[in-house]
2 protein chains.
Amino acid sequence: MRIGELAARSGVSVRALRYYEEQGLLEAYRSASGQRRYPEAAADRVGLIQTLYAAGLSSRTIAELLPCVDAKESTPESRARLAAERDRIDAQIAALTRTRDRLDAVIASSVHPSSGCSYVTATGA
Amino acid sequence: MRIGELAARSGVSVRALRYYEEQGLLEAYRSASGQRRYPEAAADRVGLIQTLYAAGLSSRTIAELLPCVDAKESTPESRARLAAERDRIDAQIAALTRTRDRLDAVIASSVHPSSGCSYVTATGA
DNA sequence: CTAGGACCTGACGTTGACGTCAGAGGCAAG
DNA sequence: CTTGCCTCTGACGTCAACGTCAGGTCCTAG
């Protein structure tokens, strides 16, 4: 498929796809006239890239780990890298959980009429 | 205390503290000569700011929610905002958990000698 | 064969959370 | 009173992941 269709399917911009290629995250073969063509599997690949970006990995890190993820190839370094990222994500989950719980506490206390917040809204009346 | 000490205590840069003030996240009273002075509680406040940044909130969002967090004041809008951020963080935790599990699977499979990755390292021998 | 949408490369613009530098003033020690 | 570190404001630099624009090419429908 062409780049526009891949963009539509995977929900990212055309510019982003070209950027991914530039960063070595996404391959494309070229038509005779030089246009990018992608296999069906490219959509999944783009999804994976987005997932890793969302987990806070940089392009460089993703580029280092992607071959390991989809080809199951790994060197001792890449395995250490994978484990390090896993641990980082774990720590991030823990921090986010604490933050969420803290927000929950704030929400709970701000809902209490006794905390002096609801007279502003006159208890909805 | 002065800005340098607060920076040292809270583990952020002096520049960051001035930036927080600029964004309306952190107040400081001024000495006669115009230097910033902070109360002891400022260190905790900075910690909270960092926590919220780490949870993906922007300066603007933090500025909107901080009065609500520490003064327990809330308007209907701010409560909706709090709930929205809480839900966003929840979703982020879920996504990170999936990503972590996926990485775990990759790590597990890359450790298996059968996956053709360990002959490179000759099984450590 | 032509109109117009999709695609190309190259390059500059954007945004957020600061880093860094310049030039000037404040402050405790000796 | 000077030395030297801290602090001030103001302003430009940075970095990543793209957005956007310019100028040109490709391709398919009519």
Side-chain angles (χ1 to χ4, degrees), chain A residues 1-39 42-43 45-66 85 88-89 92 95-96 99, chain B residues 1-39 42-43 45-66 81 85 88-89 92 95 99:
Chain A
M1 79 186 88
R2 299 199 298 177
I3 196 171
E5 188 180 347
L6 178 57
R9 284 202 201 177
S10 53
V12 307
S13 70
V14 166
R15 177 65 173 95
L17 294 178
R18 290 200 268 253
Y19 177 75
Y20 296 163
E21 181 175 342
E22 188 184 322
Q23 300 300 308
L25 310 180
L26 184 64
E27 286 179 283
Y29 51 97
R30 299 300 183 111
S31 73
S33 64
Q35 293 195 349
R36 292 171 180 83
R37 295 303 149 95
Y38 300 91
R45 163 64 77 116
V46 172
L48 175 57
I49 293 172
Q50 290 278 300
T51 297
L52 295 177
Y53 271 131
L57 307 205
S58 67
S59 293
R60 204 165 67 86
T61 303
I62 296 177
E64 288 172 19
L65 298 185
L66 265 185
E85 291 302 329
R88 199 185 50 73
I89 293 173
Q92 197 176 342
L96 284 175
T99 304
Chain B
M1 78 186 89
R2 299 199 298 177
I3 196 170
E5 189 179 347
L6 178 56
R9 283 202 203 178
S10 53
V12 309
S13 70
V14 167
R15 177 65 174 96
L17 295 178
R18 289 201 269 250
Y19 177 75
Y20 297 163
E21 181 175 344
E22 188 185 322
Q23 300 299 308
L25 311 180
L26 184 64
E27 286 180 282
Y29 52 97
R30 301 298 184 112
S31 74
S33 63
Q35 295 195 345
R36 293 171 181 83
R37 296 300 150 96
Y38 300 90
R45 164 63 78 113
V46 172
L48 175 56
I49 293 172
Q50 290 277 300
T51 298
L52 295 177
Y53 271 131
L57 307 205
S58 68
S59 295
R60 205 165 66 86
T61 302
I62 296 177
E64 288 172 19
L65 298 184
L66 265 185
R81 197 68 185 265
E85 291 301 330
R88 199 186 50 71
I89 293 173
Q92 197 177 341
T99 303

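To find a chain, count down the sequence lines: A is the first, B the second, and so on, and within it residues start at 1. Only heavy atoms go into these numbers, but all of them, side chains included; no hydrogens, no water, no symmetry mates.
- DNA chain D lies under 4.0 Å from at least one heavy atom of each of the following residues of residues 11-21 of chain B: R15(B), R18(B).
- Note on R30(B): a side-chain N or O is less than 4.0 Å away from OP1 or OP2 of dT9(D).
- Classification of R45(B) and E21(B) as a salt-bridged pair fails, no side-chain N sitting under 4.0 Å from a carboxylate O.
- With rounding to whole Å, L57(A) atom CG is found 17 Å from dC15(D) atom C1'.
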E85(A) and R88(A): CA distance, side-chain angles, deciding distance, salt bridge (charged side-chain N to carboxylate O under 4.0 Å, His left out) verdict = CA-CA 5 Å; E85(A) 291 302 329; R88(A) 199 185 50 73; 2.9 Å; yes
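- Atom-to-atom, CG of L6(B) to P of dC6(D) comes out at 15 Å; the value is rounded to the nearest Å.
- The phosphate of dC27(D) (OP1 or OP2) has a side-chain N or O of S33(A) nearer than 4.0 angstrom.
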Please table the atom pairs, donor to acceptor, closer than 3.5 Å between any side-chain atom in residues 50-60 of chain B and protein atoms at least two apart or in another chain.
residue: Q50(B); atom: NE2; partner: Y20(B); partner atom: OH; Å: 2.4
residue: T51(B); atom: OG1; partner: G47(B); partner atom: O; Å: 2.9
residue: Y53(B); atom: OH; partner: S59(B); partner atom: OG; Å: 2.6
residue: S58(B); atom: OG; partner: T61(B); partner atom: N; Å: 3.2
residue: S58(B); atom: OG; partner: T61(B); partner atom: OG1; Å: 3.1
residue: R60(B); atom: NH1; partner: E64(B); partner atom: OE2; Å: 3.3

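- The span of DNA chain C lying next to chain B, judged by atoms under 4.0 Å from heavy atoms, is bounded 5' to 3' by dA17(C) to dC27(C).
- Note on E5(A) versus R9(A): salt bridge recorded, some NZ/NE/NH1/NH2 to OD/OE distance being below 4.0 Å.
- Across all strands, R60(A) comes closer than 4.0 Å to no nucleic acid atom at all (heavy-atom distances).
- Heavy-atom distances to DNA chain C give each of S59(B) and S31(B) a nearest nucleotide, and the one nearer the 5′ end belongs to S59(B).
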